[in-house]
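See structure below.
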Amino acid sequence: MKKLIAANWKMNGQADWSDKPAQLSTILDGTIPKTAQVLICPPSVYLTQIADNAHKYGMNAGAQNCHSAESGAFTGEISAQMAADCHADYVICGHSERRAMFGDTDAVVQAKATSVIQSAMVAIICVGETLEQRESGAANSTVEAQLRASIPEASTALNTVIAYEPVWAIGTGKTATLDDIEKMHAHIRSVYHDMFGARSAKDLCIQYGGSVKPSNAKDILSTKGVDGALVGGASLKMEDFAKIILAA
Ligand code: PEP
């Protein structure tokens with residue numbers, strides 16, 4: 001399986017960032033390594049431009065969020081189909097910042113991921129424990145509860161990616177140990193196995209996210225059970241993001 005290396009730009013960027021896929025391609029000498037699949041998730045107002053340019057250079061594009069409804073009185077929101085209309089291939093669902101700041105409960109995340117799948121895109125469902133939960137020994141049970149309540153019934157390894165992002169590692173410079181990452185990815189795969197069967201679990205892409213950077217990417221990406229990375233801060237500089245892609 002190719003490693004899925006995804007950039008989550010969060011609320012960063014501006015109109016002229018539409019040439020970032022071209023810049024990234026130039027840094028990579030025009031070739032994405034065969035072992036990597038590259039995904040860029042910009043703010044949704046730039047999605048069409050970024051998606052079209054990403055596709056030109058053999059990359060994918062995604063939205064960072066969507067609403068679960070098809071349409072309606074939801075000021076400021078976009079539907080999954082609108083993201084698809086902007087040529088998105090993926091939508092991130094339930095990022096911890098959305099769970100903490102915008103009321104994305106497991107049920108909301110599940111509804112969003114369902115509409116992403118119905119719109120023929122891939123849902124990247126984010127799960128992860130807080131520092132308090134890890135220190136109290138509740139990391140596995142927290143993540144398991146999130147998985148069971150956030151993954152839609154229609155999930156398959158083709159339409160779903162799980163991103164394991166310990167909340168305390170996002171944007172903090174701290175990363176989980178390789179041992180903790182390996183154990184949690186194995187736990188996630190076994191929960192998915194229990195929910196959807198052996199075949200789907202074997203093929204499921206599980207990304208790690210949380211302060212992935214050029215200096216730790218190789219170790220993290222070669223950890224057993226890690227099928228990719230969801231990258232925030234280090235995806236804003238194409239030189240750094242390219243190094244992470246090359247580490248795959
Ligand atoms: C993220 O936003 O998903 C993330 C992992 O951020 P960072 O890489 O900055 O920790």
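Order of listing sets the numbers, starting from 1, for every ligand and every atom in it. Because only heavy atoms are used, hydrogens play no part in the values below, and waters and symmetry mates are left out as well, while side chains stay in.
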- Task: Determine, considering heavy atoms only, which of Ala234, Gly232, Gly173, Cys126 sits nearest to atom 6 (O) of ligand 1.
- Result: Gly232

- Task: Check ligand 1 against Asn8 and write out every atom of the ligand that is under 4.0 Å from a heavy-atom position of the residue.
- Result: 1 (C), 2 (O), 3 (O)

- Task: Examine Arg98 relative to Phe102 and say whether NZ or CZ is less than 6.0 Å from the centre of the six-membered ring and inside a 45° cone about the ring axis.
- Result: yes

- Protein residue, atom and distance nearest to atom 1 (C) of ligand 1, heavy-atom basis: His95 NE2, 3.2 Å

- Any N or O of Gly210 that comes nearer than 3.5 Å to an N or O of ligand 1? no

- Query: Given Asp227 and Gln207, is the side-chain hydrogen bond (donor to acceptor under 3.5 Å, both in side chains) satisfied, shown in steps?
  - Reply: CA-CA 5 Å; Asp227 305 309; Gln207 296 177 301; over 6 Å; no

- Task: Report yes if Gly209 has an N/O atom closer than 3.5 Å to an N/O atom of ligand 1; otherwise report no.
- Result: no

- Task: Before signing off on this row, confirm whether Thr172 and ligand 1 have an N or O atom pair separated by under 3.5 Å.
- Result: no

- Task: Could you establish whether Ala169 and ligand 1 come within less than 4.0 Å of each other, counting only heavy atoms on the residue side?
- Result: yes

- Query: In terms of hydrophobic clustering (I, L, V, M, F, W, Y; side-chain heavy atoms under 4.5 Å; direct or indirect links), are Val161 and Val231 co-clustered?
  - Reply: no

- Message: With clusters defined by side-chain heavy atoms of hydrophobic residues (ILVMFWY) lying less than 4.5 Å apart, directly or transitively, does Ile125 cluster with Leu204?
- Response: yes

- Could you tell me whether Glu97 and ligand 1 have an N or O pair separated by under 3.5 Å? no

- Task: Answer yes if Met195 and Tyr164 sit in the same cluster of Ile, Leu, Val, Met, Phe, Trp and Tyr residues linked by side chain heavy atoms under 4.5 Å apart, and no otherwise.
- Result: yes

- Item | Test item, Lys213 contacting ligand 1 (heavy atom, 4.0 angstrom) | no

- Task: Please work out whether the ring planes of Tyr208 and His185 are parallel, tilted or perpendicular, with thresholds of 30° and 60°.
- Result: tilted

- Task: Could you find the nearest protein heavy atom to atom 5 (C) of ligand 1 and give me its residue, atom name and distance?
- Result: Glu165 OE2, 3.1 Å

- Task: Output yes when Asp203 and Arg199 qualify as a salt bridge under the 4.0 Å nitrogen-oxygen rule, no when they do not.
- Result: yes

- Does at least one non-hydrogen atom of Gly171 fall below 4.0 angstrom from an atom of ligand 1? yes

- Which ligand 1 atoms, with their elements, are less than 4.0 angstrom from a heavy-atom of Gly233? 7 (P), 8 (O), 9 (O)

- Item | Lys/Arg N to Asp/Glu carboxylate O, Asp106 vs Arg99, below 4.0 Å | yes

- Item | Donor-acceptor pair between Arg189 and Ser200 side chains, under 3.5 angstrom | no

- Measure Ile170 to ligand 1 on non-hydrogen atoms and call it side chain, backbone, both or neither using the 4.0 Å cut-off. both

